[in-house]
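The structure under discussion appears below in the form of structure tokens.
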There are 2 protein chains.
Amino acid sequence: MSIIFSRQCEYALQAVTYLARTKEGEKTSIRELARILRIPHHFLAKILQRLTRKGFLISAKGPTGGFALSMPAKDITLFHIVDAIDGLAFANSCVLGFQECSGKHPCAVHDQWGEIRDALYGMLVSRNVAQMGAAMKKPEYEAAGN
Amino acid sequence: MSIIFSRQCEYALQAVTYLARTKEGEKTSIRELARILRIPHHFLAKILQRLTRKGFLISAKGPTGGFALSMPAKDITLFHIVDAIDGLAFANSCVLGFQECSGKHPCAVHDQWGEIRDALYGMLVSRNVAQMGAAMKKPEYEAAGN
DNA sequence: TTTATATCAGACTCTTTTGTCTTAGATTAA
DNA sequence: TTAATCTAAGACAAAAGAGTCTGATATAAA
């Protein structure tokens, strides 16, 4: 079950995180990504194509082809990926679903949720993909993965 | 688009909030709730039945029948309702979807998300339905609703 | 007792999300 | 040039969430 982000978005974040760990100029095939991250092959393909069209990845066809980040990993934040895949609806709507809820008509948790939402926003903006990749490089993860 | 809670859960919270505003012992029909809260009649019925089976509401058939809270509104927290409808998956899983993510194998936002999740948890536990109802009683809402 | 009004319950449809399958087209290497 | 390997793209299927419809049953009031 997804919490805040769609599964597509989670997969996108995981894939980009993995790509941040590869060497400069090195391409990774969908097949390899799908196998290692345990993501359905063709589903992942669509997600990567979407990220490519948005400008975060570059792709190359044929043997030795694959995907790679189009810019330094430190320049891509989690916010960029979430925005590209899920959009930013989470930042604007009432967590309890009250349509009338707003600054003028706050629900009973409006202010508390506002703080939480800001913290979430800050988390997404402050973390870049290079940091994500570094966290995944810890030895424990090498064992847990593949 | 729902953010964290399913639409069912949002509807449940809205319905219980409304019931908290009614007089002690007064019953409200699904028809009235559905009309005022703009929730599909039969969909709301299922949600209320679920809350009844969980023990938060009491129901009565026939004319003058309807639903009411089974206990004082101040004894029902948002947490109770969310647990009854959506469950507590949000409290345990990695926000980025990494299966290996845990205290021993934290992802790059594990700690930050942990704080946000705790704040969310605290919000749900600290707010009860009586407070929700009171917030909705503000004059602005009377105008916005109906 | 009859009628109107409720809840109760389950089958059904619609939509969105997730995942699968197939074909086409590009590119590299033999 | 041919074969192998990859992305590109769209149709299709499965699953889950959301919402609808119908009939049964209970109950209060006329």
Side-chain angles (χ1 to χ4, degrees), chain A residues 1-15 19 22 25-35 37-70 82 85-87 89-90 97 99, chain B residues 1-15 19 22 25-35 37-70 82 85-87 89-90 97 99:
Chain A
M1 171 189 290
S2 68
I3 310 183
I4 293 184
F5 308 127
S6 70
R7 192 164 297 184
Q8 264 196 65
C9 190
E10 291 180 355
Y11 287 164
L13 288 165
Q14 292 174 24
L19 292 178
T22 61
E26 184 178 329
K27 287 186 170 45
T28 308
S29 72
I30 295 180
R31 177 186 306 277
E32 182 182 346
L33 272 173
R35 196 191 71 240
L37 299 174
R38 296 189 190 85
I39 299 174
H41 186 154
H42 296 286
F43 194 34
L44 178 59
K46 290 183 181 178
I47 297 170
L48 296 183
Q49 284 159 25
R50 207 165 158 190
L51 290 175
T52 303
R53 281 194 290 271
K54 292 274 185 176
F56 296 108
L57 303 181
I58 51 174
S59 70
K61 291 184 178 181
T64 76
F67 290 87
L69 299 182
S70 68
V82 170
I85 302 294
D86 272 357
F90 80 90
Q99 294 193 346
Chain B
M1 172 188 290
S2 67
I3 311 182
I4 294 183
F5 308 127
S6 69
R7 190 163 299 184
Q8 266 196 65
C9 191
E10 291 180 354
Y11 288 164
L13 289 166
Q14 293 175 23
L19 291 179
T22 61
E26 184 179 329
K27 288 185 169 45
T28 308
S29 71
I30 295 179
R31 178 185 306 275
E32 181 182 345
L33 272 173
R35 197 190 70 239
L37 300 174
R38 296 191 190 84
I39 300 174
H41 186 154
H42 295 287
F43 194 34
L44 178 59
K46 290 183 182 178
I47 297 170
L48 296 184
Q49 285 160 26
R50 209 165 156 189
L51 291 175
T52 302
R53 280 194 291 271
K54 293 274 185 175
F56 296 107
L57 303 182
I58 52 173
S59 69
K61 290 185 178 181
T64 77
F67 292 86
L69 299 183
S70 68
V82 170
I85 302 293
D86 272 357
F90 80 90
Q99 295 193 345

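Protein chains get the first letters and strands the later ones, always in sequence-line order, with residue 1 at the start of each.
- Atom CD of Q8(B) is separated from atom P of dG19(D) by 9 Å (rounded to the nearest Å).
- Set against dA9(C), dT18(C), dT20(D), the side chain of P40(B) has dT20(D) as its closest nucleotide.
- In this model, the phosphate group of dA29(D) is not approached by any side-chain N or O of T64(B) to a distance below 4.0 Å at OP1 or OP2.
- A donor and an acceptor atom never sit less than 3.5 Å apart when one is taken from the side chain of K27(A) and the other from the base of dT7(D).
- Atom-to-atom, CZ of R38(B) to C1' of dG19(D) comes out at 18 Å; the value is rounded to the nearest Å.
- Considering only side-chain N and O atoms, Y11(A) lies under 4.0 angstrom from the phosphate OP1 or OP2 of dG19(C).
- Crowding of K54(A) atom NZ: a count of heavy atoms from other residues, nucleotides or ligands under 6.0 Å not exceeding 12.
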Next item on the list: Go through the steps for L69(B) and L57(B) under the test side-chain contact (heavy atoms from CB on, under 4.5 Å), then give the verdict.
Entry: CA-CA 4 Å; L69(B) 299 183; L57(B) 303 182; 3.6 Å; yes
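- Nearest heavy atoms, S70(B) versus G55(B): OG-O, 2.6 Å.
- Where G62(A) and R53(A) meet DNA chain D, the nucleotide closest to each residue was compared, and G62(A) sits on the side nearer the 5' end.
- Between the CZ atom of F43(A) and the C1' atom of dG19(C) there is a distance of 7 Å, given to the nearest Å.
- Side chain of K61(A), nearest nucleotide from dA8(D), dT18(C), dT20(D): dA8(D).
- Each of dC8(C), dA8(D), dT18(C) was ranked by its minimum atom distance to the side chain of S59(B); first place goes to dC8(C).
- Here L48(A) lies out of heavy-atom contact (under 4.0 Å) with every strand.
- Contact of K46(A) with dT20(C) (side chain to base): a donor-acceptor pair of N or O atoms is detected under 3.5 Å.
- Residue H42(A) has its side chain nearest to dT20(C) when only dT7(D), dT20(C), dC8(C) are considered.
- Residue-level contact check: R50(A) touches neither bases nor backbone, having no heavy atom under 4.0 Å from any strand.
- As a whole-Å value, the separation of I58(A) CD1 from dT7(D) C1' is 14 Å.
- For H41(B) and dG19(D), the NE2 to C1' distance is 13 Å, given to the nearest whole Å.
- Between R7(A) atom CZ and dT16(C) atom C1' the separation is 14 Å, expressed in whole Å.
- Distance L33(A) CG to dC6(D) P: 12 Å, rounded to the nearest Å.
- The CD1 atom of I47(A) sits 10 Å away from the C1' atom of dG19(C) (whole-angstrom rounding).
- In terms of modelled atom types and a separation under 3.5 Å, the side chain of Q14(B) and the main chain of G97(A) share a donor-acceptor contact.
- Note that CG of L13(B) is 11.5 Å distant from CG of L37(B), once rounded to the nearest 0.5 Å.
- In this structure, A60(A) reaches the sugar-phosphate backbone alone: every heavy-atom distance under 4.0 Å involves primed, P, OP1 or OP2 atoms, never a base.
- Around atom CD of Q99(A), no more than 12 heavy atoms belonging to other residues, nucleotides or ligands sit under 6.0 Å away.
- Distances were taken from every side-chain heavy atom of F67(A) (C-beta onward) to each of dA28(D), dT7(D), dA18(D); the shortest belongs to dT7(D).
- OP1 or OP2 of dA6(C) has at least one side-chain nitrogen or oxygen of R31(B) nearer than 4.0 Å.
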